[in-house]
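Structure first, then comments.
Letters A, B, ... are given to chains in the order of the sequence lines, protein chains preceding strands, and every chain is numbered from 1.
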Amino acid sequence: MVKQERYDAIVVGSGITGGWAAKELTERGLRTLVLEAGRSIDPENDYVMTTQPWELPFRGRRDRIRQERERPIQRECYACDEWSEKFFVRDDQNPYTTEDGKPFLWIRSRQVGGRSIVWGRQVYRLSDLDFEANARDGFGVDWPIRYADIEPWYDHVERFIGVSGQAEGLAQLPDSRFLPPMNLNCAEQHVRDSLMSHFGGERVLTIGRCAILTANHGGRRACHYCGTCERGCTTHSYFSSLAATLPAAALTGRMTLRPHSVVHSVIYDPASGRASGVRVIDAETQETLEFHGRLVFLCASALESTRILLHSASERWPDGLANSSGQLGHNLMDHTMGGGAQGYISGMDDKWIYGRRPNGIYLPRFRNISDQHPDFLRGYAYQGGGSRLSWERGNDMPGFGADFKHALRSPGPWRFRFYGFGECLPRESNQVALDPDRVDAWGIPVLNIQCEWSDNERAALNDMSIQAAEMLEAAGASEVSTFIEDNPPGLTIHEMGTARMGRDPATSVLNGWNQSWDIPNLFVTDGACMTSSANQNPSLTYMALTARAVDYAVKQIADGEL
Amino acid sequence: MDRRHLFHLLGASAALAGLNPSQLAALFESGGPRKPSRAFFTTEQRETIDALCEVIIPTTDTPGAVTAGVPEFIELIVAEWYNADDRARFMRGLAQVDERTQALTGIQFAQSGEDTQAVILSGLEAESRARIASGEDTPSPFFQQFRGLVLSGYYSSEIGLREELLYQPIPGRFDGCVDVSEVTRSVSDGD
Ligand SMILES: Cc1cc2nc3c(=O)[nH]c(=O)nc-3n(C[C@H](O)[C@H](O)[C@H](O)COP(=O)(O)OP(=O)(O)OC[C@H]3O[C@@H](n4cnc5c(N)ncnc54)[C@H](O)[C@@H]3O)c2cc1C
Ligand code: SF4
């Protein structure tokens with residue numbers, strides 16, 4: 001006999017979206033169970049913010065041989081280093097399969113807080129340029145919402161998480177509710193000014209918009225610019241669910257957070273046509289448990305939520321729960337990254353920075369806004385920034401000895417780099433399905449992922465590098481060189497789209513409220529819901545959609561609809 | 001991106017050539033968090049490495065590479081981080097340092113005077129530059145490889161980061177444009 005417990009709402013996952021669902025549900029009075037597959041994280045003991053390189057066996061350069069064994073995929077992520085690798089899954093316990101020659105790098109965290117502990121904290125709003133994109137060029141289906149629908153929810157989320165940035169009044173990148181911006185450094189200010197005059201306001205270099213506090217906010221302390229956020233922030237100065245939303249939910253007294261709870265499937269009750277709860281495997285005891293609730297929110301990250309639905313197939317939905325449309329698992333997207341250029345800025349060797357800013361620059365989309373580029377649809381944006389080279393330049397300098405050592409003591413030349421991130425078109429052939437031949441450490445079938453870039457993404461990457469060089473030249477940079485990295489999909493860690501929202505139940509899994517068309521008390525609010533990818537870092541949009549979906553669901557309950 | 005660069009410097013790939021049995025055995029030793037075992041090189045090899053380290057980053061107004069523990073770091077990387085190719089390349093290059101010094105002066109590198117050491121190292125550097133300039137797509141020559149290890153070991157040591165560079169664990173604020181002053185030093189980037 002399996003154990004049974006009843007709640008008003010069940011949230012699967014405690015990462016960026018699960019934390020938001022938990023906060024919003026509990027604050028609206030619902031007794032909420034948050035099920036998290038991973039372990040608890042204790043900032044006092046688990047965060048390694050103050051660990052110095054010389055205190056680590058490999059001085060931060062990772063134990064190469066062990067990583068090859070335990071995290072051969074996760075180690076491709078820049079943040080999975082010797083300090084922070086423990087915040088990433090072990091690939092040997094969490095496998096998935098791909099076809100030969102079609103790599104997909106699935107970067108994940110399994111822990112209370114999910115990837116919010118290691119994320120890059122960059123947050124950008126989408127605009128109607130993005131919400132209308134599919135309708136405009138016919139790729140994918142039309143978003144069921146427009147900017148006006150989500151705008152108040154962006155406000156709501158930003159007020160809570162705290163977003164620093166500079167208002168620029170751009171239609172393609174609406175301003176957030178900003179805390180004071182971090183400053184550009186001298187090289188960046190110079191490039192901004194040069195681009196303003198050269199491109200007549202069409203290409204605006206602005207400081208990165210990030211979920212990092214530049215002033216005390218909501219009981220959390222302002223950033224002290226140590227610059228190593230991925231190791232965890234003991235002052236909670238950047239937004240994570242562990243630091244912000246989960247404590248808010250706990251404060252209501254209505255949240256039960258259960259770690260080590262691997263959701264195996266959603267339980268469907270044919271009599272009521274509703275999801276009655278979820279089946280869970282206790283990761284420590286391997287015991288099977290059931291939990292019941294009036295609402296089920298899947299927030300396990302795009303591909304994990306999709307996997308749970310695929311694994312909850314029933315007689316009624318043999319190809320995955322709530323999959324009348326047949327779209328579940330399809331239209332997988334990520335962003336491309338790594339088209340760009342770098343160069344050196346002279347004339348400011350007497351200038352320097354103080355502190356380590358955990359943020360770079362952003363140069364919003366300027367392509368395909370009012371005209372159409374002949375080679376590609378949609379757009380891209382740049383991150384990057386300026387910095388003075390440090391001791392690493394010694395590797396490219398001649399010499400050794402006292403003079404050599406002394407030269408490396410001073411900061412080197414200013415280097416500036418534009419690094420592009422591009423939109424990915426939704427295509428049905430980019431997809432995930434259960435692999436019938438393989439299970440994970442808890443006996444759950446793993447995903448088979450098939451995803452490839454198309455010519456559209458490649459053409460945009462190419463343009464990114466050309467335009468980056470052009471801008472550096474406009475700013476008078478020297479030794480400008482371009483690059484186009486060959487990064488497989490997944491590595492940008494913005495995987496999304498496999499249970500898309502839409503206007504028509506025949507072609508989409510979710511409606512405009514992140515609600516399953518088939519099962520009204522089932523909501524999916526992580527990246528799986530995304531109808532198109534835009535080119536902005538997506539997590540802010542996931543958060544806003546989550547809060548909006550909770551508001552809707554709770555009103556539906558009040559109205560007697562749910 | 002600097003981390004990527006480091007990876008590049010430390011990594012590449014192919015055969016277990018040039019290793020003695022105890023060195024091979026050391027490869028398969030493992031354990032929890034470890035300090036460099038110092039069990040990989042012979043005493044003579046260690047003397048050569050210490051001497052090379054100190055010629056590259058000597059003691060000046062701040063301590064040099066040996067005081068900063070760079071030789072131990074190099075031993076750990078060569079023993080437990082390098083793949084077989086890089087290790088073989090390293091061991092070959094290291095042997096050459098002494099062979100050349102012997103041929104020139106009849107004594108070991110470590111026992112030679114500063115001038116001789118500088119001559120040997122300059123020779124290696126010149127060859128290394130020529131190889132790189134030739135555009136051949138080969139792994140970095142020994143000079144480049146060794147100096148790369150010294151740099152990454154020194155500038156991740158407590159001495160390198162705290163005494164040689166400007167150590168700011170908790171800057172407290174960020175200012176993107178301040179004047180360079182006499183005491184301005186590269187900031188430890190914390191990794
Ligand atoms: C290094 C890095 C940098 C990033 N930078 C940015 C950035 O700058 N801006 C941005 O917008 N995004 C960024 N991202 C992406 C961002 O982290 C994700 O978009 C975001 O975390 C997604 O939120 P989520 O709630 O869907 O998933 P997650 O935060 O991953 O949380 C999902 C949680 O669900 C749990 N879970 C999974 N399966 C189950 C199951 N079966 N049962 C129970 N629980 C389960 C997981 O253990 C996890 O804790 C970055 C990611 C990484 C790794
Ligand atoms: S840079 Fe700021 S937000 Fe990042 S870890 Fe340090 S104090 Fe926290």
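The shortest side-chain heavy-atom distance between A:Y344 and A:V480 does not fall under the 4.5 Å cut-off. Within the 4.5 Å cutoff, the side chain of A:S164 has no heavy atoms near those of the A:P181 side chain. A:F58 is listed as a side-chain neighbour of B:E80, based on a closest heavy-atom distance under 4.5 Å.
Per-residue heavy-atom pair counts under 4.5 Å with chain B were compared for A:R388, A:Q189, A:H224, A:M182, and the maximum is reached by A:H224. When each of B:I57, B:I132, B:T60 is scored by its heavy-atom pairs under 4.5 Å with chain A, the top score falls to B:T60. For chain A, the option among B:P171, B:C177, B:P169 with the highest count of heavy-atom pairs below 4.5 Å is B:P171. Of the listed residues A:W54, A:F404, A:Y225, the one with more heavy-atom pairs under 4.5 angstrom with chain B than any other is A:W54. Contact count against chain B (heavy-atom pairs under 4.5 Å) is highest for A:Y354 among A:Y354, A:F400, A:Y419. For the options B:V150, B:I170, B:L121, B:T59, heavy-atom pairs under 4.5 Å to chain A are most numerous at B:L121. In terms of heavy-atom pairs under 4.5 angstrom with chain B, the leader among A:K405, A:H406, A:M49 is A:K405.
The ring of B:F90 has its center closer than 6.0 angstrom to the ring center of B:F142.
A salt bridge between B:R129 and B:E125 is present, with a side-chain N of the basic residue lying under 4.0 Å from a carboxylate O of the acidic one. With salt bridges taken as basic N to acidic carboxylate O contacts below 4.0 Å, one links A:R66 and A:E85.
Neither the backbone nor the side chain of B:S128 comes within contact range of chain A, judged by heavy atoms closer than 4.5 Å.
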